[in-house]
4 protein chains.
Amino acid sequence: MPKIVDKKQMRQNILQAALQTFVKYGFHNSTMAKIAKEAGVAKGTLYLYFESKEALSIAFVQGYFSKLEALISQQGMAYSLDSFINQLQKTLLVNREQANFIPVFFETFGPSFKDKAFRDTIAYSFDKIGIFYTQNIIELIKKGELNEDINPHALGRVLISMLDGILLHYGLFSPSQSEYEKMVEESLALLKRGLV
Amino acid sequence: MPKIVDKKQMRQNILQAALQTFVKYGFHNSTMAKIAKEAGVAKGTLYLYFESKEALSIAFVQGYFSKLEALISQQGMAYSLDSFINQLQKTLLVNREQANFIPVFFETFGPSFKDKAFRDTIAYSFDKIGIFYTQNIIELIKKGELNEDINPHALGRVLISMLDGILLHYGLFSPSQSEYEKMVEESLALLKRGLV
Amino acid sequence: MPKIVDKKQMRQNILQAALQTFVKYGFHNSTMAKIAKEAGVAKGTLYLYFESKEALSIAFVQGYFSKLEALISQQGMAYSLDSFINQLQKTLLVNREQANFIPVFFETFGPSFKDKAFRDTIAYSFDKIGIFYTQNIIELIKKGELNEDINPHALGRVLISMLDGILLHYGLFSPSQSEYEKMVEESLALLKRGLV
Amino acid sequence: MPKIVDKKQMRQNILQAALQTFVKYGFHNSTMAKIAKEAGVAKGTLYLYFESKEALSIAFVQGYFSKLEALISQQGMAYSLDSFINQLQKTLLVNREQANFIPVFFETFGPSFKDKAFRDTIAYSFDKIGIFYTQNIIELIKKGELNEDINPHALGRVLISMLDGILLHYGLFSPSQSEYEKMVEESLALLKRGLV
DNA sequence: GATGAATGAGAATTCATTCAT
DNA sequence: TATGAATGAATTCTCATTCAT
């Protein structure tokens, strides 16, 4: 009789250990040995759950962006421009803690950007968020809250790109807390005026 | 007398070869051997011009961002909101060709993001561009072309972050030409309305 | 369960292979690859047992001198001048076979002499032998067999230095068998007369 | 017309530079580049005066031991046991400053010990010193100062070996000044009693 | 299922030597 | 003669992956 193991749970354990190891050592000093140790299993065991280090990394990033999508989508449809701007603000601020993971992300997955499948995975996440924004925009136009000249589809994708730019610069270049707050404030004011 | 060599030129040759090798193989498959071969010199020669692979990489990225800064700064001060928006557009479009380098950039320098010195190098470039935008904004406020509520300092930095976000998504996720054009158009319209 | 290995035994195997490789090729032509081949394992395996080539070398020399110390110390306390001289003779003659290792030793560890830790390791071995001789001398003085003017502490250390000099010259410069025997005979006679 | 260069002088300069470089960096960090720099010439120039690094090293050690021989031989024939012991003492003490070079010597030439030619060079030096001692011993026997049972030939070679042992241990293991003085004193007393 | 010892391809770096100037 | 840029063989060490137990 084989040992009873929750495969899903084990994969999660390992992915969690991978995250911790990546954050602690950076991706390139995170050997399979270290990840195994962090997960409390043997090196060989890793290969029972993930085909290769690459597969593990891909699974890891997929999990990461899934959570991100969920986080944004769960915010529900905005009922007014103010509430929409509010949502954008939350996106910028909610993720602040995660910002520290951004450099680790690039350190970890920078090399994966040469892989089209990898990029498509992330693109897909951003597309979904962009579409979510687009839906919000459409609703708000219907309500007469937004400028009618707007192309909702393009703008949805633009918005998430812009916010991502701000978040990235925050995470990567670590401006001071107050500087960042001014940037958030200023960018939201700009977007609000632009959207009316 | 030993061979007479233009050291500056040789460094440039090597950096150029590095770029080509990075693009061809990706950074992590770009061994010093391959770079040397691409440059048409022996492995050891690389070490006469760069202390290590890391040093070569750093020099490479510094060169890259220097050119970027120069490109943007040379645009001169804007005399009207329209001309400023025009500049931003150029920045988004001028760099389109370079966009193909963005995934290579992350593949190449992703791992370098764990290095504070490296990040500071890039941050410095963006800060300079942000300041350049800030100066433009100040001038345009004086001329009464822009909304007086604006905080020029924060907004300058916000603008480059936002544009960078758009460029990054363009380079990384390769939307179609027409999609991207719509995104540029829409984002500039948004910014213009927001700035007035 | 992974392969079951006697780690101690494996270390010994590797050290033995190192010795053979050193003798065959000389230390500086003894690459880790050659040692691995001699040991019948892969290069990487060496690094499971020794952190670096240097660590392997240090372990090797420590093992060598441990055996030397043991060999001399096991001789037990001398009960008369003659028996002491006899011990010294054994030291000079017992080690004759090992003498062939002396040039290899210098070839191997010459470069290690710049390392204080390394020298201290050897110094410690000789000090212990010196102390052992000192104890013998003290006993023999008590018995009235030796000259009372002797400083036993200094003389113990002197004796091992002198014997080492003779052994070194034997090992390094390979006088003929008969020449060496005469040297041993003459040196022991000299020492005996000097000790009375 | 070729430049007028004193080849001999240039060789000496280079050997001197080699010595300084060896002492400063140890042999294995003394690259031809460093030696050249120390000598104030270009790397290529070294090869005009010495065929290879090995040749340079061999020439260096030959020079070193020639001086050593000269130093000892110039002491002249001893006229009494006391004066002979005095000579030995000088040998032990004169060389004290040079003792610091002993670890460098092994670091430098350790690897050369696998080379028979190299060892023969040194052996030859010691043989000559041994013969010099033998001559002294013969003279002193004739004068009735020494024990008649002595085999002068063997003893000459033994003496230099013993003294070398003491010097080596001094240079390598750096006992304190006072410890060494006691060792010298004790060894000379021992030898004197043994020689009578 | 789990383990971890063994593997060996692969990479960065060094440096004695050469040779065009 | 003198130079020093260029060379490339050689070496140490790493680590993803395999597989006997």
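From a predicted model like this one, the values you see are computed outputs, not experimental measurements. Throughout, protein chains are lettered first and strands after them, A, B, ... in sequence-line order, and every chain is numbered starting at 1.
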Query raised in the report: Taking the inter-plane angle between the rings of Phe105(D) and Tyr64(D) on a 0 to 90° scale, is it parallel (under 30°), tilted (30 to 60°) or perpendicular (over 60°)?
Result: parallel
Donor-acceptor pairs under 3.5 Å, side chain of residues 34-45 of chain A to any protein atom, not counting sequence neighbours: which ones?
residue  : atom : partner  : partner atom : Å
Lys34(A) : NZ   : Asn29(A) : O            : 3.0
Glu38(A) : OE1  : Lys24(A) : NZ           : 3.2
Thr45(A) : OG1  : Ala42(A) : O            : 3.4

Set of residues satisfying side-chain contact (heavy atoms from CB on, under 4.5 Å) with respect to [X], sequence neighbours excluded:
X: Glu51(D); value: Ala55(D)
X: Ser66(D); value: none
X: Leu168(A); value: Ile102(A), Phe106(A), Asp164(A), Leu168(B)

Expressed in angstrom and rounded to an integer, what is the separation of [X] atom [atom1] from [N] atom [atom2]?
X: Ile35(A); N: dT17(F); atom1: CD1; atom2: C1'; result: 14 Å
X: Lys7(D); N: dA2(F); atom1: NZ; atom2: C1'; result: 12 Å
X: Asn13(B); N: dA5(F); atom1: CG; atom2: C1'; result: 14 Å
X: Lys37(D); N: dA2(F); atom1: NZ; atom2: C1'; result: 18 Å
X: Met32(C); N: dT13(E); atom1: CE; atom2: P; result: 20 Å
X: Ile14(A); N: dA2(E); atom1: CD1; atom2: C1'; result: 11 Å

Report task. Taking ring pair (Phe, Tyr, Trp, His ring centres under 6.0 Å) as the test, write out the residues that go with Phe173(B), two or more places apart. Result -> Phe126(A), His169(B)
Report summary line: Taken in chain and number order and not counting sequence neighbours, the residues that satisfy ring pair (Phe, Tyr, Trp, His ring centres under 6.0 Å) with Phe60(A) are Phe22(A), Phe109(A)
Report task. Mark yes or no for whether Ser30(B), through its side chain, and Thr21(B), through its backbone, hold a donor-acceptor pair below 3.5 Å. Result -> yes
Query raised in the report: Looking at Tyr49(A), does any N or O in its side chain come under 4.0 Å of the phosphate oxygens OP1/OP2 on dG1(E)?
Result: no
Query raised in the report: Given Watson-Crick or G-U pairs with both distances under 3.5 Å, what dot-bracket string fits DNA chain F, with | for other-strand pairs and [ ] for crossing?
Result: .||||||||||||||||||||
Query raised in the report: Are any non-hydrogen side-chain atoms of Leu46(A) and Lys53(A) less than 4.5 angstrom apart?
Result: no
Query raised in the report: Using a cut-off of 4.0 Å on non-hydrogen atoms, how would the nucleic acid contact of Phe50(C) be classed: base, sugar-phosphate, or nothing?
Result: nothing
With a 3.5 Å cut-off and sequence neighbours excluded, list the donor-acceptor pairs that the side chains of residues 8-18 of chain C form with protein atoms.
residue  : atom : partner  : partner atom : Å
Gln9(C)  : NE2  : Asn13(C) : OD1          : 3.1
Arg11(C) : NH1  : Tyr49(C) : O            : 3.1

Query raised in the report: Starting at the 5' end of DNA chain E and moving along, which residue's nearest nucleotide shows up first, Met10(C) or Ala33(B)?
Result: Met10(C)
Report task. Name all residues meeting the side-chain hydrogen bond (donor to acceptor under 3.5 Å, both in side chains) criterion together with Ser125(D); count only those two or more places apart in sequence or in a different chain, and write none if there are none. Result -> Glu69(D)
**Report entry** DNA chain E contacts made by residues 51-60 of chain D, counting heavy atoms under 4.0 Å
**Finding:** Ser52(D), Lys53(D)
**Report entry** Residues touching DNA chain F, which here means a heavy atom under 4.0 Å, drawn from residues 38-48 of chain B
**Finding:** Val41(B), Ala42(B), Lys43(B), Gly44(B), Thr45(B), Leu48(B)
